[in-house]
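All remarks here apply to the structure that follows.
Within every chain, numbering begins at 1; the chains are lettered A, B, ... in the order of the sequence lines, protein sequences first and strands thereafter.
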Amino acid sequence: MSDLLANLNPEQLAAVTLPAENALILAGAGSGKTRVLTTRIAWLIGTGQASPAGILAVTFTNKAAKEMLTRLSAMLPMPVRGMWVGTFHGLCNRFLRAHWKVAALPQTFQILDTQDQLSAVKRLLKGLNVDEQRAPPKQVQWFINGCKEQGLRAKDCEVRDAQSRLMAEIYAAYEAQCQREGVADFAELLLRTYEVLRDHAEIRQHYRARFRHILIDEFQDTNRLQYQWLKLLAGPNEAQPSAVLAVGDDDQSIYAFRGANVGNMDDYQREFHVHHLIKLEHNYRSHANILQTANALIAHNARRLGKNLRTEAGAGEPVRVIEQPTDQQEALWLVEEIRLLLRDGYARDQIALLYRSNAQSRVIEGALFNAAIPYRVYGGMRFFERAEIKHALAYLRLLDNPHDDTAFLRVVNFPPRGIGARTLEQLQDAARLRQVPLADAISALGGRGAASLQAFVDMLGRARVECAAMSLPDLVRHALDVSGLLEHYRAERDGQDRVENLEELINAATAFVTQEGFGLDAEALREQALSEQALQNLQAVDPATGETLSPLTAFLTHAALEAGDNQAQAGQDAVQMMTVHAAKGLEFDVVFITGLEEGLFPHENAMNEADGVEEERRLMYVAITRARKRLYLSHAQSRILHGQTRYNLRSRFFDELPEDTLKWLSPKAGAGGFGGAYRPTLRAAWNAAPAAPAVPFTPAVQASAPPHGLRVGQSVFHTKFGEGVILTLEGQGTDARAQVRFHRHGPKWLALNIAKLTPVN
DNA sequence: TCCTGTATGATTTTT
DNA sequence: TCATACAGGA
């Protein structure tokens, strides 16, 4: 036990050994948060204060959950596999598989991922005869998920006008459709679990009595529903509440756009009567200059819980800042700088190129490619999201559940078997009329179409029988054969990759069976299932009957819940490229933050949102704190975006950084963000200044001047709108436009060949 | 059924 | 600019 606690700093030690009461740990970037979380669990178990079964630990990503389990298994003498450590969705899935009856779901319910959900919505809208103009599918999906994340069912939706009434009606129809088909989307997993806990006191009591300790990671990212769920489970106002340990960092809250509610941290402190607030401010990652830069930036945010990172590492190198004329030249400069770093002995995978939006990666990729520097871009297609894999999974889903209409429609004519759109429309009409699954509506149809459809369903039926006794990998292979999928891709000219991916799917099935312990014989499974222990060991065992989930259902669940790696090229020794969001939680020796321009970072869309700029600033804070030894910040005067050249002002964030930690590799230009007044003299001075060759590769600092003689940041006068400041200039010749923020009328776009703008001094 | 042209829209993303 | 989605013709 003393081993466990050795090498913890005083704050970490305090957090680990807190009494069994609600606590909030404000864990700064690089402060050893995961270590605290896992050590706390090990300490609770090691001191006999809790049993492994009595602990619930929740994370957001599978990666974090796995990491926690790995560390725990190194710390604890007992197996950790069965512990309730997982993602919100994973744990809710486990819960629903065990309580499927009260949850009113089939035990083999399938999980719809985002794509599946969208196609389900599209199908629904067609069926309801709702014009896609009036209710764009994406918007409907967004609305439904938004409601669910607030804990709202269709009947709870506020109806204000025709549009909101329509949305609520669609939502209601969607609920019915999912229920009929036996499928649940991601948000449904949480909402359904929440409702079961809310409406069934005996179940709630059971889990409350069981989970005396609840630990939550990344608390700042929780949404309303997740918070409500926690409240039900922990019962802060009950006689014997569970002890909750929430770990989070309000400064790293960057997911408000998908429903995360930082306010949960305040609510939590109040509603859970939190006495213990511990700040982990000791950073073990970055040099002092980098931390100071981060601290200074984030200090510009209001309404923080308050926290300042410190380190015992030395000041280290200054933060390097550079301005380049164009995005192209920014990329070339990156390449040169990376060459030098590599020559100095930095490992390729210790160099990260961060950007605000994915579109920015193209130029950089091009430059790296030309320079023959290996790179890896994060955030592409994930394994289980590939079209061929989704097709294969659809066949597997139909074997498991013939009523899964989403899967049915996906593959009924893929590979092509002569079932046209016309036939499918008739089938859907017939099914809708009778309120039955598509497969059951075929008999109502006549003609050639019906025969082809029947052949398809018969094929599935035969396969279902043949597969009954097969092992999971055999079953997958068999499905790929009978469906004709494999053959189809083999015949295709460019199908080689897809064939390989399908082979990989069989491998994944093999690995799944081995890892998950589904290879155990049925009798052993059944015996285990009867004990409470089994409920933990197997993801899905009915506690009443001991009935276990089939390996196929478990595999499909696994595929939906863990979509696999989203790293395109798995080449290890490569420069790492990713969005700032994707970089959260990672760290690198060298970090480049690129494209630091007004409109890009902070992003223009964020400026119109409430607290948008603050979230952008937190994003920048996250980016800065990824760096261990060396940090570069770069921006370009002009950039091609959506095919048009835009002249962007340097990001306002530069003006919020301390001068003494920065080193300008190019002469610092005057004028900063929009907050302060524009200072034309400084800018003029910079334009005249000679380029200082701070690094071997320094392109000329002169941007190609926009032809109309106007500059971003310039004050102008318009006869109708009065005075304003130019925010953006783009386009050329007659297409040239300017975005101007007028003092009295706000920002407006103006065509420069029409609008008369007079420079003001 | 497949192919080709055009329209459209383009932060950030995990489950 | 550029990718993707969908409509319409062969």
Side-chain angles (χ1 to χ4, degrees), chain A residues 58-65 86-93 111-119 122 132-133 136-138 142 145 148-149 184-191 193 217-218 221-223 225-226 253-260 327 354-363 366 378-382 384-385 387 413-423 492 557-566 578-585 595 597 599-609 612 615-616 618-620 622-623 639-646 730-731:
Chain A
V58 198
T59 64
F60 271 87
T61 64
N62 292 303
K63 199 175 152 206
T87 62
F88 276 103
H89 295 86
L91 295 172
C92 286
N93 172 60
I111 298 168
L112 297 185
D113 68 13
T114 314
Q115 290 174 32
D116 295 334
Q117 187 188 30
L118 186 63
S119 63
K122 282 184 181 162
E132 294 206 353
Q133 301 286 349
K138 282 251 174 65
W142 182 82
N145 290 336
K148 289 189 178 186
E149 278 161 16
D185 58 51
F186 286 133
E188 184 69 29
L189 295 175
L190 290 162
L191 182 53
T193 302
D217 193 14
E218 306 280 17
D221 289 340
T222 50
N223 62 33
L225 179 58
Q226 286 158 340
S253 158
I254 56 173
Y255 286 110
F257 71 91
R258 67 173 195 216
D327 51 347
L354 308 186
Y355 33 81
R356 174 65 236 267
S357 63
N358 286 308
Q360 289 166 254
S361 74
R362 293 196 132 268
V363 192
Y378 278 65
M381 184 64 77
R382 298 147 136 258
F384 285 110
E385 284 170 356
N413 198 33
F414 193 95
R417 36 177 84 85
I419 299 172
R422 185 85 198 88
T423 310
E492 212 175 60
T557 301
H558 166 80
L561 249 29
E562 297 188 45
D565 270 342
N566 61 352
M578 65 198 84
T579 63
V580 179
H581 281 94
K584 190 175 170 214
E597 294 139 40
L600 249 190
F601 199 178
H603 198 278
E604 54 194 346
N605 295 357
M607 317 224 197
N608 309 320
E609 289 161 21
E615 176 136 323
E616 295 290 301
R618 290 192 292 268
L619 199 49
M620 180 68 184
V622 168
R639 176 175 301 275
I640 297 174
L641 197 66
H642 308 325
Q644 292 210 295
T645 307
R646 294 178 39 146
E730 60 175 49

Judged by nearest nucleotide, the residue sitting upstream toward the 5' end of DNA chain B, A/A187 or A/S357, is A/S357
Rounded to whole Å, NE2 of A/H581 lies from C1' of B/dT12 at a distance of 4 Å
request  = Output yes if the stacking criterion (under 5.5 Å between centres, under 30° between planes) is met for A/F257 over the base of B/dT13, else no.
outcome  = no
For this session: Select base, sugar-phosphate, or nothing to describe what A/D185 touches, counting heavy atoms under 4.0 Å on all strands.
Result: nothing
TODO: Have a look at A/Y255 and say if it touches a base, only the backbone sugar-phosphate, or nothing, with a 4.0 Å heavy-atom cut-off.
DONE: sugar-phosphate
Residue set satisfying salt bridge (Lys or Arg N to Asp or Glu O under 4.0 Å) with A/D327, at least two apart, ordered chain then number -> none
Look at the rings of A/H581 and A/Y255 and say which category their plane angle falls in: under 30° parallel, 30 to 60° tilted, over 60° perpendicular. tilted
Picking from B/dT11, B/dT14, B/dT1, the nucleotide nearest the side-chain atoms of A/N605 would be B/dT11
Applying salt bridge (Lys or Arg N to Asp or Glu O under 4.0 Å) to A/E616 and not counting sequence neighbours gives A/R356
_Residue pair A/E218 / A/K584, side-chain heavy-atom distance below 4.5 Å_ = yes
A/R417 CZ to B/dT1 P, in whole Å, measures 11 Å
With syn defined as a glycosidic angle within 90 degrees of 0 and anti as anything else, the base of B/dT11 is syn
Winner on side-chain proximity to A/H603, out of B/dT13, B/dC2, B/dT11, is B/dT11
Review point. Using a cut-off of 4.0 Å on non-hydrogen atoms, how would the nucleic acid contact of A/N358 be classed: base, sugar-phosphate, or nothing?
Key: sugar-phosphate
(request) Could you tell me whether A/E609 contacts a base, only the sugar-phosphate backbone, or nothing, with contacts defined as non-hydrogen atoms closer than 4.0 Å? (result) base
If you define the side chain from C-beta out and look only at heavy atoms, does anything of A/L561 sit under 4.5 Å from A/I111? yes
Every protein N/O lying under 3.5 Å from an N/O of nucleotides 1-10 of chain C:
residue	atom	partner	partner atom	Å
C/dT1	O4'	A/G643	N	3.2
C/dA3	OP1	A/R362	NH2	2.6

Between CH2 of A/W142 and C1' of B/dT13 the distance, given in whole Å, is 15 Å
Whole-Å distance, A/N223 CG to B/dT14 C1', equals 11 Å
Less than 4.5 Å apart, side chain to side chain, heavy atoms only: is that true for A/L354 and A/M578? yes
Flag for A/Q360-A/S357: side-chain donor and acceptor within less than 3.5 Å | yes
When A/I419 and A/T87 are each assigned the nearest nucleotide of DNA chain B, the 5'-most assignment goes to A/I419
Next on the checklist: Less than 4.5 Å apart, side chain to side chain, heavy atoms only: is that true for A/T193 and A/F88?
Outcome noted: no
Separation of B/dT13 atom C1' from A/N145 atom CG, nearest Å, is 13 Å
Flag side-chain contact, heavy atom, 4.5 Å: A/T579 against A/Y355: yes
Taken to the nearest whole Å, CZ/A/F186 to P/B/dT14 is 11 Å
Return no unless some side-chain N or O of A/R258 is found under 4.0 Å from OP1 or OP2 of B/dT15. no
Atom CZ of A/R646 and atom P of B/dA10 are separated, to the nearest Å, by 15 Å
A/A582 has its side chain closest, among B/dC2, B/dT13, B/dT11, to B/dT13
**Report entry** A/T61 (side chain) and B/dT15 (base): donor-acceptor pair under 3.5 Å
**Finding:** no
A/K138 atom NZ is separated from B/dT11 atom C1', nearest whole Å, by 14 Å
Open item on the list: Please classify the nucleic acid contact of A/N413 as base, sugar-phosphate, or nothing, using heavy-atom distances under 4.0 Å.
Closed with: sugar-phosphate
From the candidates B/dT15, B/dT1, B/dT13, the one with an atom nearest any side-chain atom of A/T579 is B/dT13
message = Within the 4.0 Å heavy-atom criterion, would you say A/Q226 contacts the bases, only the backbone, or no part of the nucleic acid?
response = nothing
